[in-house]
There are 4 protein chains.
Amino acid sequence: MRQHTETSSSVFDTGNHIGMMFSGPSTLRNFMISPNAASAPIARRRGRPPDPHARTRILTAAESLLNDAGYLGVTIDEVANRAGVSKKTVYRFWPHKPALISDLIVERSAVLPVPDTGDTRAELATLFGLIVEYLTAGHGRTLTLLVAATHDDPGTLNRLRDQVVTPRRDIGRRVLQRGIARGDLPADVDIDAVLDLWNGLVAYRLSGRPAALHRHTIDQLVELAMTGHIPRLPQS
Amino acid sequence: MRQHTETSSSVFDTGNHIGMMFSGPSTLRNFMISPNAASAPIARRRGRPPDPHARTRILTAAESLLNDAGYLGVTIDEVANRAGVSKKTVYRFWPHKPALISDLIVERSAVLPVPDTGDTRAELATLFGLIVEYLTAGHGRTLTLLVAATHDDPGTLNRLRDQVVTPRRDIGRRVLQRGIARGDLPADVDIDAVLDLWNGLVAYRLSGRPAALHRHTIDQLVELAMTGHIPRLPQS
Amino acid sequence: MRQHTETSSSVFDTGNHIGMMFSGPSTLRNFMISPNAASAPIARRRGRPPDPHARTRILTAAESLLNDAGYLGVTIDEVANRAGVSKKTVYRFWPHKPALISDLIVERSAVLPVPDTGDTRAELATLFGLIVEYLTAGHGRTLTLLVAATHDDPGTLNRLRDQVVTPRRDIGRRVLQRGIARGDLPADVDIDAVLDLWNGLVAYRLSGRPAALHRHTIDQLVELAMTGHIPRLPQS
Amino acid sequence: MRQHTETSSSVFDTGNHIGMMFSGPSTLRNFMISPNAASAPIARRRGRPPDPHARTRILTAAESLLNDAGYLGVTIDEVANRAGVSKKTVYRFWPHKPALISDLIVERSAVLPVPDTGDTRAELATLFGLIVEYLTAGHGRTLTLLVAATHDDPGTLNRLRDQVVTPRRDIGRRVLQRGIARGDLPADVDIDAVLDLWNGLVAYRLSGRPAALHRHTIDQLVELAMTGHIPRLPQS
DNA sequence: CTTTAACCGAGACGGTACGTCCGGTCTTCAG
DNA sequence: CTGAAGACCGGACGTACCGTCTCGGTTAAAG
């Protein structure tokens, strides 16, 4: 039977990933235990259990290949070779290449929280730094490619959104909300717009050409936010 | 001799595309005349000249296929079929698929000028509309994949930057400069930052999820620019 | 009798290849050659074994195509189509077209023995009939083209010689040697010369024009042999 | 329009070559200068005059390529390159590749007569020597391949037969007929069979393997002919 | 302690696209 | 009007990758 169906027990499509947002980077074989712990106590599995090291080695191999050859240069054969694993094993864990790369990004995308320091300006700067760091590190770039390459694969897309985009957004949202609560930011700030503006700037600078983003510009954007010169929600 | 070498006069690598910016959509066999007009007065060509219709038909076929099947669905065989042309002819014009798609995007990316109306606010709104229109039309996503496919082909990348990204940027640059000249915008506006901010926002909103970009938000961003609350150049 | 496969039950392996015994140990899956026949007793095979039916179907398809379109009309794509097999599979078994056709001829060239009847004249007539039959059947002409196509591939050439030419020659050699043993033929008959003379006559008659070879002529040649009027070895 | 139609002025298909055998060099395109030099002073031709060396250079280039790469390795592009000629020029002289190679063989196949010396045995030996020399020289071998490669092109086949095979055969026929007339050979010798037997032996020895043909064997075959131990015609 | 189901490496398989090459035709421009 | 240069169509070549499917063999839980 296919392991990667739409049914709930799939590694790839398993839902309820909210808890992850607070706990940092995801763990291997994400979230398989907790959601089923209560509802599926029996369902005993027989036979030899899958090698947990295999999955790790595959992801590591995929990552190195991604760095070496780019997204389109990643070959399942080569991933399997580098991982010392058979192709069959790769396809046991992921239904197709985009899913593998997607998982790779999900796991490698640390969603670091911005601690509440009481200093809104400092928190905004930290947030901006996280954005730059993430998108510069390589995974952010690959993420963009992945989205472009999987425009007809809503499953992978949703997974990426739920596992990577949304958690990262929530980190930013929380920082801005704290700023509002402290009275440092206007109450009607359009949080999504601000975050997309900042993320978009960094992503756009990276795509195509290696144009530098100066510290100066970042500071200005933070300052504009602190002075309330940022998009607001409509009054409706 | 190969047509797609690093040496000049090639359709694909020909430089000096400045003239295009003001003249709207590029023409076929771009820019072959002007760069060589002075430096290569003789250079007689022998043999049957390449069929200019073939090139056009190939690009048209590629465009329709791109719309039908997406970048990864574009096949040279199918392109040749739809164009009524042999594969060899396709490869005579472009060295490989990314180069073809790149040229397609270059030629199809109309760089519409924003006319000087004397009204800076209106011009900024027009500019923002062009950004949205261009990135929404579909080439934006293809462009991303193209970048992935040509990560080891700096020639194609440079061509895209020179032919598409730079001209589009210059349109925006001109609008902002007119605003500065009129005294509607501060003299030290960081033009590149503003344009990247706006382009980035739109591109980011489009990638992954079809999140709406409200008119409201656009108006606010224009208003922020008009009131000078946008990135400035450092004083250096 | 089945000298080839350890595994399978190919329909086309039915020929009696006794003659091969003199030319060294032949394996089926040639092109992998057999120097290890004695030195590699275990040689564990891993992975999915190649489908023996695929090979058979490919050869059958190639044969029908060869009959339909001639050697130059044989296309790997079409062979694969007719065999219901992918091109890759064809190239897994044979490195290129001449090798495939070569194997086809090798397998289809049944080397039928001439039974020992005690009647030398009858055996010579039977031998001559086999020569005519073989060269008329079509493989003779293909073989010529094959030699042309593989002029730079000594491996394929040697294979043809060892697997087809030599075994056929040995059948004739045996008949003549029996005739000598019975005292029906001179002891110093130049066996190779006689066989080449007979084969050459038939081959030459076939090449270019369909000139008939009359029964009359064959009988005469047999008679000349029986009366000793045939090439002899030098006395050295 | 096609230049190589069935009409009589075609280079390739011009018929009635029988008389040529006795009258010396062929009239087709060859030797164009001398016959016309005196007899056609008017007939003004316009435009660029045809290059008389072109045909020769093409044939020379084809010959060298044939030696280098074998029949299937001969490429019209490469022939044109080596000849310093355009492909079009090649196709102006010959309708397709086999025709070119065919003409090459025709021109290079000198049909040397065996002079009437009154000594039948010596003439037969000379004849055999010519056979060996011709078939060994390389063109004989190519001829065989050509015949095999053009099995579906009766025009080329007929041309080869008329221009090469038949003239050579007639040389041999004449020698044997002189022997009969002198009473050295039986009146009912099957001339075609003898010639095919001799030619076939040599051709067969050459095809595939370079097996030597000893002087000894040749002498024996001549001796067998001289003693009448050769195929005879049926009594009918 | 045996069964048995699932795992695993290796790699064959059908399918599809790639980019190259060749045969033969057609088109342009120079002489 | 010829000849050199070379673009053109059609189609075969041999390679690469995807995702699936055996194979022979292993491992751990079930019985």
Side-chain angles (χ1 to χ4, degrees), chain A residues 1-3 44-51 54 72-78 80-81 83-92 94-97, chain B residues 1 3 44-51 54 72-78 80-81 84-97, chain C residues 44-51 54-55 72-81 83-97, chain D residues 1-4 45-51 54 72-78 80-81 83-92 94-98:
Chain A
M1 187 179 67
R2 284 282 302 276
Q3 186 164 354
R44 310 300 296 263
R45 296 203 287 104
R46 310 224 311 173
R48 176 179 178 173
D51 178 0
L72 294 181
V74 172
T75 288
I76 298 293
D77 285 81
E78 182 59 17
N81 277 347
V85 143
S86 77
K87 274 208 296 181
K88 179 63 182 250
T89 300
V90 176
Y91 281 103
R92 220 188 311 277
W94 298 274
H96 42 236
K97 189 170 91 165
Chain B
M1 191 181 41
Q3 187 165 354
R44 308 303 297 259
R45 293 201 292 104
R46 311 248 302 186
R48 176 178 180 173
D51 180 0
L72 295 179
V74 173
T75 286
I76 299 292
D77 283 83
E78 182 58 15
N81 276 347
V85 140
S86 78
K87 263 204 303 181
K88 181 61 183 274
T89 299
V90 176
Y91 282 104
R92 216 189 314 280
F93 285 102
W94 298 275
H96 43 237
K97 189 169 89 165
Chain C
R44 296 292 297 270
R45 292 201 293 105
R46 309 259 300 196
R48 177 178 178 173
D51 180 358
R55 190 173 183 279
L72 295 179
V74 172
T75 286
I76 299 293
D77 284 83
E78 181 60 16
V79 167
N81 277 347
V85 141
S86 77
K87 263 205 304 182
K88 183 60 184 278
T89 299
V90 176
Y91 282 105
R92 217 188 314 278
F93 284 103
W94 298 274
H96 42 235
K97 190 169 89 166
Chain D
M1 189 178 66
R2 284 282 302 275
Q3 189 161 354
H4 306 285
R45 294 199 286 104
R46 308 219 313 169
R48 179 172 177 173
D51 180 358
L72 294 181
V74 172
T75 288
I76 298 293
D77 286 80
E78 181 58 17
N81 276 347
V85 142
S86 76
K87 272 207 296 181
K88 178 64 182 230
T89 300
V90 176
Y91 281 104
R92 215 188 314 279
W94 298 274
H96 43 237
K97 189 170 93 166

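For the numbers below, each heavy atom of this structure counts, side chains included, while hydrogens, waters and symmetry mates do not. Convention: sequence-line order gives letters A, B, ...; per-chain numbering from 1.
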Inter-residue atom distance D/Thr75.OG1 - D/Lys87.NZ, 0.5 Å rounding: 9.5 Å
At what distance, to the nearest 0.5 angstrom, does CD of A/Glu78 lie from CD1 of A/Ile76?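 The CD1 atom of A/Ile76 is 11.0 Å from CD of A/Glu78, to the nearest 0.5 Å.
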First encountered from the 5' end of DNA chain E, between D/Asp77 and C/Ala83: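 This one resolves to C/Ala83.
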Phosphate OP1/OP2 of [N] contacted by [X] side-chain N/O (<4.0 Å):
{"X": "B/Ser86", "N": "F/dC9", "answer": "yes"}
{"X": "A/Lys97", "N": "F/dC18", "answer": "yes"}
{"X": "B/Thr75", "N": "E/dA17", "answer": "yes"}
{"X": "C/Thr89", "N": "E/dG14", "answer": "yes"}
{"X": "D/Arg92", "N": "F/dG3", "answer": "yes"}

Measure from [atom1] on [X] to [atom2] on [N] and round the result to the nearest Å.
{"X": "C/Arg48", "N": "F/dG19", "atom1": "CZ", "atom2": "P", "value": "18 Å"}
{"X": "C/Asp51", "N": "E/dG11", "atom1": "CG", "atom2": "P", "value": "17 Å"}
{"X": "D/Tyr91", "N": "F/dC8", "atom1": "OH", "atom2": "C1'", "value": "14 Å"}
{"X": "B/Asn81", "N": "E/dT16", "atom1": "CG", "atom2": "C1'", "value": "14 Å"}
{"X": "A/Ile76", "N": "E/dG9", "atom1": "CD1", "atom2": "P", "value": "14 Å"}
{"X": "B/Trp94", "N": "E/dC18", "atom1": "CH2", "atom2": "P", "value": "14 Å"}
{"X": "C/Leu72", "N": "E/dC22", "atom1": "CG", "atom2": "P", "value": "15 Å"}
{"X": "B/His96", "N": "E/dT20", "atom1": "NE2", "atom2": "P", "value": "10 Å"}

On a heavy-atom basis, which atom in B/His96 and which in B/Tyr91 lie closest, and how many Å separate them? CA-CE2, 4.1 Å
Looking at every non-hydrogen atom in both residues, tell me the closest pair between D/Ala80 and D/Ser86 and how far apart they are.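 In this case the closest contact between D/Ala80 and D/Ser86 is CB-C, 4.0 Å.
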Which nucleotide in the set F/dG6, F/dC21, E/dC8 lies at the smallest distance from any side-chain heavy atom of D/Lys88? F/dG6
Starting from the 5' end of DNA chain F, give me the residue, B/Ala54 or C/Lys87, whose nearest nucleotide shows up first. B/Ala54
Considering every strand and a 4.0 Å limit on heavy-atom distances, what is the contact class for A/Val74: base, sugar-phosphate, or nothing?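 A/Val74: backbone/sugar contact only, no base atoms under 4.0 Å.
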